[in-house]
Structures are given as structure tokens and as C-alpha cells.
Q: 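Take this structure, written in C-alpha cells, and hold onto it; I'll ask about it next.
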Amino acid sequence: TPLIAPASTIVKSSSAPTAPVKAGSIVTYTFVTKNTGNTLLTGVTVTDPLVGLSTPTWKASDASSPAGTLKVGESATYTATYALTSADITAGKVENTATVAGQPANPDGSAIPGQTPVGGDSKSGNPTDSPTGTNPDGSPKGPTVTPLIAPASTIVKSSKLLGTSTEGQLIEYTFVTKNTGNTLLTGVTV
């Protein structure tokens with residue numbers, strides 16, 4: 001049984017692009033890394049090969065470690081932004097995977113001799129994406145798919161009695177519809 005078992009995972013999620021969806025619309029990515037092993041990790045980095053993606057930036061950790069350090073069981077959040085291209089619009093989606101890596105370390109932060117960086121590819125945190133494989137440590141992995149067209153609408157119905165509450169009085173109904181998606185809706189009916 002190994003005494004040192006370093007491991008880490010990463011989950012990558014994406015926001016809906018800013019509307020209206022066009023080249024230049026921004027998608028925000030969130031990366032949540034976690035130290036799932038039994039030793040401190042230092043020099044933790046998140047990389048993503050998506051051309052044009054800003055460098056993932058450390059935002060916070062749930063145990064207040066400094067940027068790039070993860071205690072056992074600690075999670076940290078990184079964010080990055082991406083401006084859609086014409087090719088993305090034509091494809092109708094953006095699909096890619098990020099990677100996390102960290103160096104196993106002693107409690108004082110010094111490197112553990114003979115240990116190489118650990119990590120793996122991201123698993124999507126988007127609810128409609130499913131894992132497509134596993135990392136060497138058995139953690140799930142799979143691309144994050146950001147659909148660019150997300151049509152949606154809502155309707156609210158209200159009523160008002162016109163006059164007194166007697167038989168034959170009219171009731172006025174009002175229907176308010178709203179386009180809550182990120183694309184134009186036509187042929188809208190109530």
C-alpha cells in the first residue's frame with residue numbers, strides 16, 4: 001500500500017454566451033480543482049488549449065490556501081473568458097477540455113523526492129454533458145460543450161375583473177411573454 005497517494009480532479013463549466021450570440025460574444029468558464037489525494041499539492045496550474053481563452057485565474061479556495069496550493073480535500077476555483085469566433089458560430093458550439101497539474105509536497109511545502117506532478121483532464125460540470133472516459137487515477141473526464149443557441153421563453157398570465165362581481169361581467173386577461181433565451185424568436189403565439 002503506497003503511503004503517498006497524490007491525486008487531483010478538475011471540473012470545467014461554462015456560462016451561456018452573452019446575447020445576442022455573435023462573433024465576439026463572451027463565454028465565461030469556471031474550473032473547480034480538488035486535491036483528492038493524501039498529500040499537499042503545490043504549483044497547481046490549470047491549462048486549457050482553447051485558442052483565445054484567457055489564462056485561467058485563481059479566484060478562491062474553500063480552505064483559504066494561497067494561489068497554486070491545495071491542502072488535502074481542498075477545492076479551488078479558477079475562471080477564464082473566451083470570445084466566440086465566426087467558426088464557433090458556424091459550428092453551433094464550443095467543445096474542449098482543460099487540465100490540472102500539481103506537485104506533491106510535504107506539509108511544509110517542500111517537494112517530495114521521486115514524486116512527479118499529478119492531475120488529469122477535466123470533467124464537464126455542464127448538466128447536459130456526460131463523462132466520456134477516465135483519467136489514470138480513475139476520475140471521470142470528458143469535454144465541456146457550450147451550445148451557442150439556447151432558445152427559451154416565459155409567459156405570465158394575470159386577470160382583472162371589469163366592474164362588479166356579478167354574472168355576465170367581463171374578466172380581462174393579460175399575457176406577458178418574454179424571450180429569456182439568447183436568440184431571436186419568430187412566430188410567437190399565445
Q: When rounded to the nearest 0.5 angstrom, what distance separates OG in S110 from CD in Q103?
A: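 So the gap between those two atoms works out to 10.5 Å.
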Q: A side-chain contact here means heavy atoms from C-beta on lying under 4.5 Å apart; do I155 and V190 qualify?
A: yes
Q: With D48, which of N96, T144, T97 fulfils side chain to side chain donor-acceptor pair (under 3.5 Å)?
A: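 One option only clears the test, and that one is N96.
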Q: Could you give the distance from OG1 (T42) to CG (N35), rounded to the nearest 0.5 Å?
A: 10.5 Å
Q: Test your reading of the model: is there a side-chain donor-acceptor pair from T99 to the backbone of D121, 3.5 Å cut-off?
A: no
Q: If I compare all heavy atoms of T132 with all of G142, which pair ends up nearest, and what's the gap?
A: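 In this case the closest contact between T132 and G142 is OG1-CA, 3.4 Å.
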Q: Rounded to the nearest 0.5 Å, how far does CG of D137 lie from OG1 of T9?
A: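 The distance works out to 8.0 Å.
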Q: When you measure from the side chain of N135 to the backbone of G119, do you find a donor-acceptor pair of N or O atoms at a distance under 3.5 Å?
A: no
Q: Do V145 and T128 touch side chain to side chain, with heavy atoms closer than 4.5 Å?
A: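 In short, these two side chains do not touch, never coming nearer than 4.5 Å.
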Q: Which heavy-atom pair separates K71 from A63 by the least distance, and what is that distance?
A: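 Scanning both residues, the minimum pair turns out to be NZ-O, 3.6 Å.
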Q: Would you indicate whether the side-chain heavy atoms of T174 and K160 approach each other to under 4.5 Å?
A: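 No, every pair of side-chain atoms sits at 4.5 Å or beyond.
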Q: Measuring only between side-chain heavy atoms, which start at C-beta, is S153 closer than 4.5 Å to L185?
A: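 They are in contact (side-chain heavy atoms under 4.5 Å apart), so the answer is yes.
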Q: Side-chain contact, heavy-atom cut-off 4.5 Å: T69 with L40?
A: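 Sidechains of L40 and T69: in contact.
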Q: Nearest 0.5 Å, what's the CG-OG distance between L70 and S75?
A: 7.5 Å
Q: Using a 4.5 Å cut-off on heavy atoms from C-beta on, say whether the side chain of V21 contacts that of I89.
A: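 Side chain of I89 against side chain of V21, heavy atoms only: contact under 4.5 Å found.
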Q: Taking atom types as modelled and ignoring hydrogens, do the side chains of S14 and N126 form a donor-acceptor contact shorter than 3.5 angstrom?
A: yes
Q: Between D88 and Y82, do the side chains contain an N or O donor and an N or O acceptor separated by less than 3.5 Å?
A: yes
Q: Which distance, rounded to the nearest 0.5 Å, do you find between the CD of E95 and the CG of L50?
A: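 Output value for this atom pair is 11.0 Å.
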Q: Is the shortest side-chain heavy-atom distance between Q115 and I4 below 4.5 Å?
A: yes
Q: To check you understand the geometry: which heavy-atom pair defines the closest contact between P6 and V118, and what is its length?
A: CG-CG1, 3.7 Å
Q: To the nearest 0.5 Å, what is the distance between OG1 on T45 and CH2 on W58?
A: 11.0 Å
Q: Identify the two heavy atoms, one from G24 and one from A83, that lie closest to each other, and give their separation to 0.1 Å.
A: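 What the structure gives for the nearest pair is O-CB, 4.2 Å.
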Q: Run through the side-chain heavy atoms of Ile, Leu, Val, Met, Phe, Trp and Tyr, join any pair under 4.5 Å, and report what else lands in V51's cluster.
A: none
Q: Closest heavy-atom contact between P131 and K123?
A: CG-CE, 4.1 Å
Q: Provide the closest heavy-atom pair for P147 versus P17 in the form atom of the first, atom of the second, distance.
A: O-CD, 4.0 Å
Q: Using the ring of Y29 (Phe, Tyr or Trp, six-membered ring only), decide whether K12 places NZ or CZ under 6.0 Å from its centre and within 45 degrees of its axis.
A: yes
Q: State plainly whether one hydrophobic cluster holds both L161 and Y173, where clusters connect Ile, Leu, Val, Met, Phe, Trp and Tyr through side-chain heavy atoms under 4.5 angstrom apart.
A: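 Same cluster.
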Q: Could you see if V11 belongs to whatever hydrophobic cluster contains V27? Use Ile, Leu, Val, Met, Phe, Trp, Tyr and a side-chain cutoff under 4.5 Å.
A: no
Q: Does S25 use its side chain to pair, donor to acceptor, with the backbone of P20 at less than 3.5 Å?
A: yes
Q: In this structure, would Y78 and V32 fall into the same cluster of hydrophobic residues linked by side-chain contacts under 4.5 Å?
A: no
Q: Counting N and O atoms only, with roles assigned by atom type, does the side chain of S54 sit under 3.5 Å from a partner on the main chain of A80, one being a donor and the other an acceptor?
A: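 Looks like no, no N/O pair under 3.5 Å.
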Q: Would you say T57's side chain and T55's backbone share a donor-acceptor pair under 3.5 angstrom?
A: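 Yes, the answer is positive, given that a donor and an acceptor are paired below the 3.5 Å cut-off.
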Q: Under a plain distance cut-off of 3.5 Å, with no hydrogens placed, do E74 and S61 share a side-chain donor-acceptor pair?
A: yes
Q: Indicate yes or no: at least one non-hydrogen side-chain atom of L84 is less than 4.5 angstrom from one of L148.
A: yes
Q: With a cut-off of 6.0 Å (strictly less than), are more than 12 heavy atoms of other residues, nucleotides or ligands near NZ of K141?
A: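 More than 12 within 6.0 Å, yes.
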